[in-house]
Each structure stands twice: as structure tokens, then as C-alpha cells.
Amino acid sequence: MSNTDTPRSHPQGVQPAHIAIVMDGNGRWAQKRWLPRVAGHKQGVDALRRVVKACIERAVPVLSVFAFSSENWNRPVEEVSGLMDLLVMALSREVPSLRENGVRLHFPGDRSGLSARVVQGLEAAERDTAHNRVLVLNVCFNYGGRWDVTQAARRLVQQGREITEENLSSAMALAHVGDPDLLIRTGGELRISNFLLWQSAYTELVFTECLWPDFDAAELDRAMAEFARRERRFGQTAEQRAEIEVQVVAAGQQHA
Ligand code: IPE
Ligand code: IPE
Ligand code: MG
């Protein structure tokens, strides 16, 4: 792969090219320690820094994380404003080193609901890292899977384009990357909570009890090992998939 390509797919098995994470459990992490919930969100930023580093070390080219959902506005006002402040603070603190380490930032989500201060921060971070190619980091903020499908459909209608799967995919907020291969949810809940509804049609799901602030490279390795054990069939039979594997190996040997 050249340094300028954004990877869109990967050969079957072994290593995911796109990992998505529902970073859940910050509040419980804090409450267990008699700390305010926002202290858990702060620790969550540290966990994200660790996981970005681990993805770079493991040559995972795309990481998408759920940082604030369309529904998180329903939380207490102090928590919502704490999360907005934390985002602005984390951007000013983290972007210089992300930029140096080749991370390209995107913030998929509905900007219309965000304050000018937050939008300016997101735009500046996207601009400052636009040349980077080592890791694409999508920080989904004020994102919802239903919002995404709706905005994509609205865009096609405005452009007078036909509603097809291909056109919708190209209008979605994560059209710049392929669909996630692996989706991890920390914090023990067994649900998607309106994350990448369209994009996770064939994503392998891994749930862990680990609270997000405790998540680290070893936890990532466990999830990736679980992914490597899965058989992805995409609607086909196990025999058909085995035949495809044989062809891929044979093609690889020819090119070697
Ligand atoms: C996830 O952690 C972070 C956000 C939703 C912003 P939570 O805050 O949901 O943590 P729990 O689920 O209450 O422990
Ligand atoms: C999902 O977590 C959203 C994020 C991690 C940003 P929530 O804690 O909001 O999900 P629910 O409310 O338990 O479904
Ligand atoms: Mg939660």
C-alpha cells in the first residue's frame, strides 16, 4: 500500500483494517472511586491515547471511536458541558503529538448542534492533520447511526441522485474509510447504542466488561485475537469461504 492511499478493505482473516470502539464505562469507573463522572471521561482520554499508539504499533490503519452520541444530550447539563470542555482541552493538548505521529483526524457527526468554539476546534484539528497517512482516527462526536443514514439520504435527494446502496454509502459520514471489520464495546453492555448502524452490517462484534478508562494494548490484543478466530462468511457457506481462502493463498504465492 502506498503512503497516500486510505485503505478500504483487507484480505480475509487475521488483522482488522478498521476497528471501531464504543468507549463505554467512564461514569462507572469514576463512581467506583467516588469521583465525579467527568473524572472518568478524563481518564477515557488517556485510554484513547494508549489505544491510538497501540493501533499504530500494530499497523491498524483506521480507528473509529464513539465519543458523544446524538442521545448523550439527554444527560445532566453539567456532564454535557464537562464533555464539551474536555473535547476542546483534549484537542489543544493532543493534536500536536497526533500530528507528529502521522494521525489524520476526522470528526464524523452533526456539527449543527455544536457551539462555534467546539466546531472551530474540530475544523482546526482536521486541517492540521489532513496531510497525515499513518492512522485515520475518526472521533464520532454528536454522531448517531440514524442521523447518518438520514443526512446521507437528504444529501442524495438534494443532489437529485438516486437512492441506491452505493450512493448512500458514498454520502455517509465515514465514506472516506471502509466499513469496520471489528467493533469493540467496553463497559459490558450488549448493544450498539446508535453507533455505525449502516456500516456495521458485517462487522464482527466483541464485547468486554472492561471499563473504557482501564482499556489498554493487552485488551486490544485480546479483541484482535478474538477477531482472528472468527469466520466471516458474508452470507456465503463455509465451503465457499474456504475455496476463496485457497484462491487468495494461491494468488499470494504467485505474486511472491
Ligand atoms: C461513555 O461512558 C462515554 C460517553 C457516553 C460520553 P459513560 O459515561 O456512558 O459511562 P457509564 O456507562 O455511565 O459507566
Ligand atoms: C454510547 O454509550 C455512546 C458513547 C460511548 C459515546 P452510552 O452510555 O451513551 O450508551 P447507553 O445509553 O448505555 O445505550
Ligand atoms: Mg454508558
Side-chain angles (χ1 to χ4, degrees), residues 18-52 55 62-91 93-94 105-115 117-119 121-122 125 137-151 172-174 177 180 182-200 203 205-216 219-220 223:
H18 180 176
I19 298 179
I21 307 182
V22 178
M23 309 184 290
D24 195 22
N26 296 350
R28 278 164 285 166
W29 184 94
Q31 279 162 343
K32 280 206 310 198
R33 291 163 178 78
W34 304 99
L35 294 168
R37 292 177 58 86
V38 75
H41 298 313
K42 279 198 187 122
Q43 289 291 319
V45 177
D46 295 346
L48 181 55
R49 190 187 312 112
R50 286 196 295 273
V51 171
V52 165
C55 284
V62 184
L63 174 66
S64 299
V65 295
F66 205 7
F68 189 87
S69 78
S70 321
E71 289 72 33
N72 287 146
W73 294 107
N74 296 324
R75 295 195 174 195
V77 192
E78 318 81 70
E79 183 167 348
V80 171
S81 63
L83 283 163
M84 297 296 154
D85 291 346
L86 184 60
L87 172 69
V88 173
M89 214 165 66
L91 287 176
R93 196 175 295 167
E94 306 291 335
L105 279 158
H106 291 270
F107 298 92
D110 184 3
R111 304 253 167 117
S112 68
L114 302 173
S115 72
R117 173 184 76 122
V118 170
V119 173
L122 303 185
L137 174 58
N138 298 307
V139 179
C140 298
F141 200 88
N142 198 17
Y143 178 89
R146 290 179 175 179
W147 164 82
D148 199 0
V149 175
T150 309
Q151 68 80 26
M172 304 287 291
L174 276 88
V177 291
L182 166 63
L183 186 148
I184 302 165
R185 181 172 186 145
T186 62
E189 309 293 358
L190 305 180
R191 54 178 173 262
I192 299 291
S193 298
N194 199 16
F195 195 26
L196 301 167
L197 297 182
W198 175 272
Q199 299 87 343
S200 59
T203 301
L205 309 178
V206 171
F207 297 95
T208 167
E209 292 289 328
C210 177
L211 302 174
W212 176 248
D214 294 326
F215 199 86
D216 58 10
E219 285 287 336
L220 182 69

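When a ligand or atom number is given, it counts from 1 through the structure's own listing order. As the structure is a prediction and not an experimental result, all values here were calculated from the model.
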Residue pair Val65 / Leu48, side-chain heavy-atom distance below 4.5 Å: yes
Pairwise side-chain contact, Phe207 with Asp24, heavy-atom cut-off 4.5 Å (strictly under): no
Side chain to side chain contact (heavy atoms under 4.5 Å, CB included) with Tyr143: which of Asn138, Leu174, Asn194? Leu174
Which ligand 1 atoms, with their elements, are less than 4.0 angstrom from a heavy-atom of Ala67? 6 (C)
For Val22, atoms of ligand 2 separated by under 4.0 Å from a heavy atom: 1 (C), 5 (C)
Among all protein heavy atoms, pick the one closest to atom 13 (O) of ligand 2 and tell me residue, atom and distance. Arg191 NH2, 2.8 Å
shortest atom 9 (O) of ligand 2-to-protein heavy-atom contact is with Asn72 ND2, 2.9 Å
Any salt bridge linking Asp85 with Lys42? Criterion: basic side-chain nitrogen under 4.0 Å from a carboxylate oxygen. no
Which residue holds the protein heavy atom closest to atom 7 (P) of ligand 2, what is that atom called, and what is the gap in Å? Arg75 NH2, 3.7 Å
Where the side chain of Arg185 meets the backbone of Leu190, is there a donor-acceptor pair that is under 3.5 Å apart? no
Return yes when Gly187 approaches ligand 1 closer than 4.0 angstrom through a heavy atom, no otherwise. no
Mark the output for Gln31 as yes if a heavy-atom distance to ligand 1 is under 4.0 Å, and as no if none is. no
Note the single closest protein heavy atom to atom 10 (O) of ligand 1, along with its residue, its atom name and the distance in Å. Gly27 N, 2.9 Å
Checking Asn72 side chain against Ser69 main chain: does a donor-acceptor pair fall under 3.5 Å? yes
Counting N and O atoms only, with roles assigned by atom type, does the side chain of Ser70 sit under 3.5 Å from a partner on the main chain of Asn142, one being a donor and the other an acceptor? no
Of all protein heavy atoms, the one nearest atom 14 (O) of ligand 2 is Ser193 OG, 2.6 Å
Inspect the surroundings of CZ in Arg93 and state if more than 12 heavy atoms from other residues, nucleotides or ligands are less than 6.0 Å away. no
Cys55 versus Leu220: any side-chain heavy-atom pair under 4.5 Å? yes
Atoms of ligand 2 less than 4.0 Å from Phe68 heavy atoms? 6 (C)
Does any N/O atom on Arg28 come nearer than 3.5 Å to any N/O atom on ligand 1? yes
Side chain Arg37, main chain Ala30, donor-acceptor under 3.5 Å: no
Residue part near ligand 2, for Phe195, under 4.0 Å between non-hydrogen atoms: neither
Measuring to the Mg ion (ligand 3), does Asp24 have an N/O/S atom at a distance below 2.8 Å? yes
In ligand 1, which numbered atoms sit nearer than 4.0 Å to a non-hydrogen atom of Asp24? 1 (C), 2 (O), 7 (P), 9 (O), 10 (O), 11 (P), 12 (O)
From the candidates Glu71, His41, Arg185, Met23, the one that places a heavy atom nearest atom 2 (O) of ligand 2: Arg185
